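Just below is one structure, and these are the notes that go with it.
All values derive from a computational prediction rather than experimental measurement. A, B, ... follow the sequence lines: proteins, then strands. Residue 1 opens every chain.
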2 protein chains.
Amino acid sequence: MSVLPEECAREILEVAPLIMRNIREEMRRHRTEGLSVPQFRTLLFIQRHPGTSLSDVAEHLGLRLPSTSKLVDLLVGRSMINRLSSSGDRRKVELSLTERGLSLLDAARAGTQKQMVELLSELTVDEMENVMKAMQTLRPIFALSERAEVELSR
Amino acid sequence: MSVLPEECAREILEVAPLIMRNIREEMRRHRTEGLSVPQFRTLLFIQRHPGTSLSDVAEHLGLRLPSTSKLVDLLVGRSMINRLSSSGDRRKVELSLTERGLSLLDAARAGTQKQMVELLSELTVDEMENVMKAMQTLRPIFALSERAEVELSR
DNA sequence: TATTGTTATACTCTATAACTATA
DNA sequence: TATAGTTATAGAGTATAACAATA
């Protein structure tokens, strides 16, 4: 029973938005400082790359500089990240998490993950393994296509 | 090698946004009337349920009535859907696709699917089957959680 | 009085264009 | 002159609160 790529594509096209809405809702529900998905991803990237520049964040997110600047502005305004001029090249900016940013990130990550774990608990062991494998298959092809797009559009 | 639900959740949390960005980018690139993801989903639902009400669309999308009203407004403004007062219950509205809406929907669907098929072509037969199965597993649990949320928040 | 939908308002996400500061 | 970032402006997505029309 071989699967047509068209069927598979259609399936992904329908299921991915369902998953995303779930993630968004859960993050927003975490009031007392809910994070949007882009905000969450920004904090995550900065945590993994402390001292990173705005351009690097923009490339990672797949956004333009102004959009990223605004996003970062908001997070700076809410004291979640520090934005300093780079001492080496003063045109650049060095971004890092504040204590508060780190703890909010951890809370959001834990909360969202916990809720998703609850949903996943309905799955059998086999199904879960299957889903895990599928995600590992999909990640590289979508991660790659992402970079190609950013380059194309410059 | 059993998979922990926590790992699986983390994986989904990282991969789903990658997929979504890809879908969004592709739809937007289809300028000459690009559709956003919510717009696309709205047209899709109306095609499948001609004469549907605003409330039903809102429930399907997981949005509030005002958000949905605005979304529909925009699509009406661009002549993609018809909005008529229901003859039975005049508080209600009956939504259907215009010719133009149908052809734009088909074009968007074809384009986005085609591009995703290209990405999926890198997969082996086994991987594709696996991904298909995973989507079929995930769909009901996220579709259900969606409905539960909407009910809770009313 | 309850239900269906719209309007008003506000915030976030995203883009392009124009600008500033530094290299 | 080229690069890193910001500001100005604008459109779309989303929400809550207040309202209008119909049942």
Side-chain angles (χ1 to χ4, degrees), chain A residues 17 20-31 33-43 51-78 80-81 83-95 149-150 153-154, chain B residues 17 20-21 23-25 27-29 31 33-43 51-59 61-78 80-81 83-95 146 149-150 152-154:
Chain A
M20 282 310 291
R21 179 157 69 262
N22 192 274
I23 296 175
R24 253 183 265 121
E25 282 283 320
E26 177 55 26
M27 286 194 165
R28 231 180 282 137
R29 184 165 330 122
H30 259 280
R31 299 254 189 246
E33 301 301 333
L35 293 173
S36 70
V37 175
Q39 287 166 10
F40 177 73
R41 296 188 66 223
T42 302
L43 295 181
T52 189
S53 71
L54 193 69
S55 302
D56 286 347
V57 175
E59 175 153 354
H60 173 72
L61 297 176
L63 298 179
R64 302 295 177 177
L65 272 174
S67 307
T68 312
S69 182
K70 218 172 141 185
L71 192 51
V72 162
D73 230 37
L74 201 146
L75 294 170
V76 169
R78 290 185 186 162
M80 296 186 199
I81 64 186
R83 177 176 44 188
L84 299 171
S85 274
S86 166
S87 44
D89 180 340
R90 296 213 323 279
R91 289 171 303 182
K92 283 197 183 176
V93 114
E94 282 177 9
L95 301 170
E149 274 164 28
V150 171
S153 60
R154 277 200 283 233
Chain B
M20 281 312 290
R21 181 158 67 262
I23 296 175
R24 255 183 262 120
E25 282 282 322
M27 287 196 163
R28 233 180 280 138
R29 185 165 328 123
R31 298 255 189 247
E33 300 301 334
L35 293 173
S36 72
V37 175
Q39 287 166 10
F40 177 75
R41 296 189 66 221
T42 303
L43 294 182
T52 189
S53 72
L54 194 69
S55 303
D56 286 346
V57 174
E59 174 153 355
L61 296 176
L63 299 180
R64 303 296 177 176
L65 271 175
S67 308
T68 312
S69 183
K70 218 175 139 184
L71 192 51
V72 162
D73 231 37
L74 200 146
L75 292 171
V76 169
R78 292 186 184 160
M80 296 186 199
I81 64 187
R83 177 175 44 186
L84 298 171
S85 274
S86 166
S87 45
D89 181 342
R90 293 210 329 274
R91 290 172 304 184
K92 283 197 184 175
V93 113
E94 283 176 8
L95 301 170
E146 162 192 0
E149 275 163 28
V150 171
L152 273 174
S153 59
R154 275 199 286 233

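Within the 4.0 angstrom heavy-atom criterion, no nucleotide atom of any strand lies near Asp73(B). Residue Leu54(A) is in sugar-phosphate contact alone, with no base atom involved, counting any heavy-atom pair closer than 4.0 Å across all strands shown. Among the atoms of the strands shown, only primed sugar atoms or phosphate atoms (P, OP1, OP2) are found under 4.0 Å from some heavy atom of Ser53(A). Using a 4.0 Å heavy-atom cutoff across all strands shown, Ser55(B) reaches sugar-phosphate atoms only and no base atom.
Summary of the strand contacts: Leu65(B) and Arg24(B) both lie near DNA chain C, and taking for each the nucleotide with the nearest heavy atom, the more 5' one is attributed to Leu65(B). Residue-to-nucleotide proximity on DNA chain C shows that, of Asp89(A) and Pro38(A), the 5′-proximal contact is made by Pro38(A).
In this structure, the CG atom of Leu95(B) is 12 Å from the C1' atom of dT4(C), given to the nearest Å. Atom-to-atom, CZ of Arg83(B) to C1' of dT4(C) comes out at 13 Å; the value is rounded to the nearest Å. Per the geometry, CE belonging to Met20(A) stands 18 Å off P belonging to dT12(C), to the nearest Å. Taking atom CG of residue Leu61(A) and atom P of nucleotide dA15(C), one finds them 10 Å apart after rounding to whole Å. In this entry the distance linking CZ of Phe40(B) with C1' of dA12(D) reads 18 Å, nearest Å.
Put simply, the side chain of Ser36(A) does not reach to within 4.5 Å of the side chain of Met27(A), judged on heavy atoms. Using a 4.5 Å heavy-atom cutoff, the side chains of Leu71(A) and Leu61(A) are in contact. Contact annotation: the side chain of Gln39(B) approaches that of Arg78(B) to within less than 4.5 Å [non-hydrogen atoms, C-beta and beyond].
Side-chain N/O atoms of Arg78(B) include one lying less than 4.0 angstrom from OP1 or OP2 on dA12(D). Not one side-chain nitrogen or oxygen of Ser36(A) sits closer than 4.0 Å to the OP1 or OP2 atom of dT12(C). For the OP1/OP2 pair of dT22(C) and a distance below 4.0 Å, the side-chain nitrogens and oxygens of Arg90(A) include at least one atom meeting the criterion. Side-chain nitrogen and oxygen atoms of Arg64(A) include none within less than 4.0 Å of the OP1 or OP2 phosphate oxygen of dA17(C). An OP1 or OP2 oxygen of dT6(C) is reached within less than 4.0 angstrom by a side-chain nitrogen or oxygen of Ser69(B). Phosphate proximity of dA15(D) to Ser67(B): present, with a side-chain N or O under 4.0 Å from OP1 or OP2.
A donor-acceptor contact under 3.5 Å is formed by the side chain of Arg91(B) with the base of dT3(C). Side-chain atoms of Lys70(B) come within donor-acceptor range of the base of dT14(D), with a qualifying N/O pair under 3.5 Å.
To the nearest 0.5 angstrom, Thr42(B) atom OG1 is 11.0 Å from Met80(B) atom CE. For the atom pair CG of Leu75(A) and CG of Leu35(A), the computed distance is 7.5 Å after rounding to the nearest 0.5 Å.
Here the side chain of Pro66(B) is nearest to one of dG5(D), dT6(D), dT16(D), namely dT16(D).
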